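A short write-up of the structure that comes next.
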Amino acid sequence: MVVAGTIIIQNIGAMSSYLLIIKTELPTAISEFLSGDYSGSWYLDGQTLLIIICVVVVFPLALLPKIGFLGYTSSLSFFFMVFFALVIIIKKWSIPCPLTLNCIEQNLQISNATDDCKPKLFHFSKESAYAVPTMAFSFLCHTSILPIYCELQSPSKKRMQNVTNTAIALSFLIYFISALFGYLTFYDQVASDILQGYSKYLPHDVVVMTVKLCILFAVLLTIPLIHFPARKAFMMIFFSNFSFSWIPHFSVTLALNIIIVLLAIYVPDIRNVFGVVGSSTSTGLIFVFPGLFYLKLSREDFLSWKKLGAFVLLTFGILVGNFSLALIIFNWVNK
């Protein structure tokens, strides 16, 4: 029950953070395609767009009883991310380093003029407190592994391992390339939202504007996939002894959608969601619970390599989670 509750909290945080991205970025992305003053229009209001998208796209997809169909939306999201990575690579050579004087004057916030524009292997600051929780947050789709396993044709441990290895390898490759070339473009001045730098330095660039829309669609199509295990965990806690019924299925789906929309509307900063949820529930699911379960269930000697590894994983998760959460709260107090 504790694990199921953790999954619910983590996935609610993930979905609300994705909706927060859409609420913040979609009006800007639309306005970049428009010429003239359209301020005050409904299609440039983030909250209005958020509610429309949730009613028209998120809720119908989240209402599906099986996760199999969402494989098509996930494939589409992956191709959007490939396009994003390709654009980041290509635009690396469109932005000089250091920026010319005129560019620096016009775009002070994204100047990439560093000492000889040499990359640093390590860079630590107070913002580093958000790094590990955000990386732990990226493992949130692990909660979908059991529903995916159940819907495999001839499910087996070997086939599921192949699916897992392929998914993680492709995701790591795309995000690593994007992060690497994004950093090599702006260096110390790289923004937390990497596309903001390109939008400021290359305003009204059609490729950058298009890739921003693609990323927003990818984020949008990911929300129903994360919604599935959250609803599944809730149903396991409260309706595990009942057969499938559309009434509780519809009610839970609607309630979860209302919660994440309210959070997306009223939470001011996405880093707060990533930081708090990542340092608490995500580190628990990724580091603490796996190590704890292995120590509890394994009959091996405690000094065996596997049990020692599980103990190290458990200790690392507790220390990193608490340390990151403490730093995040410290930053809030200082602000």
Side-chain angles (χ1 to χ4, degrees), residues 15-61 72-96 99-100 102-112 174-175 177-179 181-182 185-186 189-225 260-261 264-265 267-271:
M15 290 185 289
S16 62
S17 65
Y18 287 170
L19 288 180
L20 184 58
I21 293 174
I22 293 172
K23 183 191 77 171
T24 306
E25 298 296 335
L26 185 56
T28 305
I30 294 175
S31 65
E32 290 178 350
F33 284 95
L34 303 175
S35 58
D37 184 16
Y38 291 87
S39 57
S41 302
W42 66 267
Y43 48 82
L44 295 181
D45 181 68
Q47 292 188 12
T48 304
L49 290 175
L50 179 66
I51 294 172
I52 293 174
I53 285 172
C54 286
V55 173
V56 175
V57 180
V58 176
F59 183 70
L61 288 176
Y72 298 105
T73 60
S74 298
S75 301
L76 184 60
S77 298
F78 177 75
F79 286 115
F80 285 153
M81 295 307 301
V82 172
F83 178 50
F84 167 73
L86 291 175
V87 170
I88 297 296
I89 295 172
I90 294 170
K91 293 300 179 181
K92 163 70 176 72
W93 286 273
S94 299
I95 299 178
L99 293 175
T100 60
N102 291 336
C103 293
I104 295 175
E105 291 176 351
Q106 296 173 6
N107 302 280
L108 287 175
Q109 295 182 355
I110 63 158
S111 169
N112 64 349
I174 294 299
Y175 285 106
I177 291 174
S178 303
F181 280 89
T185 302
F186 298 106
Q189 301 300 323
V190 65
S192 56
D193 181 355
I194 196 170
L195 286 176
Q196 286 182 355
Y198 295 97
S199 298
K200 291 176 181 177
Y201 182 71
L202 301 172
H204 304 293
D205 185 290
V206 177
V207 176
V208 173
M209 293 190 297
T210 304
V211 78
K212 183 178 289 188
L213 280 178
C214 288
I215 292 300
L216 291 174
F217 278 118
V219 170
L220 174 63
L221 294 175
T222 305
I223 297 172
L225 186 65
I260 62 176
V261 169
I265 290 174
V267 173
D269 189 355
I270 188 175
R271 289 196 313 166

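Just so it is clear, the model here is predicted, and its values are computed rather than measured.
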Problem - Trace of the side chain to side chain contact (heavy atoms under 4.5 Å, CB included) decision for Leu50 with Ile265 - result: CA-CA 8 Å; Leu50 179 66; Ile265 290 174; 3.7 Å; yes
Nearest heavy-atom pair of [X] and [Y]: which atoms, and what distance?
{"X": "Pro60", "Y": "Val55", "result": "CD-O, 3.3 Å"}
{"X": "Val58", "Y": "Ile223", "result": "CG1-CG2, 3.8 Å"}
{"X": "Thr222", "Y": "Ser77", "result": "OG1-OG, 4.3 Å"}
{"X": "Ala264", "Y": "Leu20", "result": "O-CD1, 3.3 Å"}

For the atom pair [atom1] ([X]) and [atom2] ([Y]), what is the distance rounded to the nearest 0.5 Å?
{"X": "Leu19", "Y": "Ile51", "atom1": "CG", "atom2": "CD1", "value": "11.0 Å"}
{"X": "Thr185", "Y": "Ile89", "atom1": "OG1", "atom2": "CD1", "value": "10.0 Å"}
{"X": "Met15", "Y": "Cys54", "atom1": "CE", "atom2": "SG", "value": "10.0 Å"}

Which pairs of donor and acceptor atoms, one on a side chain in residues 210-217, lie under 3.5 Å apart (sequence neighbours left out)?
unit_1: Thr210; atom_1: OG1; unit_2: Val206; atom_2: O; d: 2.7
unit_1: Lys212; atom_1: NZ; unit_2: Glu32; atom_2: OE2; d: 3.4
unit_1: Lys212; atom_1: NZ; unit_2: Ser199; atom_2: OG; d: 2.9

Practice task
Please test Phe84 against Tyr175 for side chain to side chain contact (heavy atoms under 4.5 Å, CB included), starting from the C-alpha separation and ending with a verdict.
Solution key: CA-CA 10 Å; Phe84 167 73; Tyr175 285 106; 5.8 Å; no
Would you list the atom pairs, donor with acceptor, under 3.5 Å between side chains in residues 40-47 and any protein atom, with sequence neighbours excluded?
unit_1: Ser41; atom_1: OG; unit_2: Tyr38; atom_2: O; d: 2.7
unit_1: Asp45; atom_1: OD2; unit_2: Thr48; atom_2: N; d: 2.9
unit_1: Asp45; atom_1: OD2; unit_2: Thr48; atom_2: OG1; d: 2.6

Practice task
Evaluate the side chain to side chain contact (heavy atoms under 4.5 Å, CB included) criterion for residues Leu220 and Leu26: first the C-alpha distance (whole Å), next the side-chain angles of each, then the deciding distance (0.1 Å), finally the verdict.
Solution key: CA-CA 11 Å; Leu220 174 63; Leu26 185 56; over 6 Å; no
Going by side-chain contact (heavy atoms from CB on, under 4.5 Å), name the residues that satisfy it together with [X], two or more places apart in sequence or in a different chain.
{"X": "Leu76", "value": "Phe80, Leu221"}
{"X": "Val82", "value": "Phe78, Leu86, Ile174"}
{"X": "Ile90", "value": "none"}

Exercise for the section: Just grab all the salt bridge (Lys or Arg N to Asp or Glu O under 4.0 Å) pairs involving residues 78-95, residues at least two apart or on different chains. Expected result: Lys91-Asp205
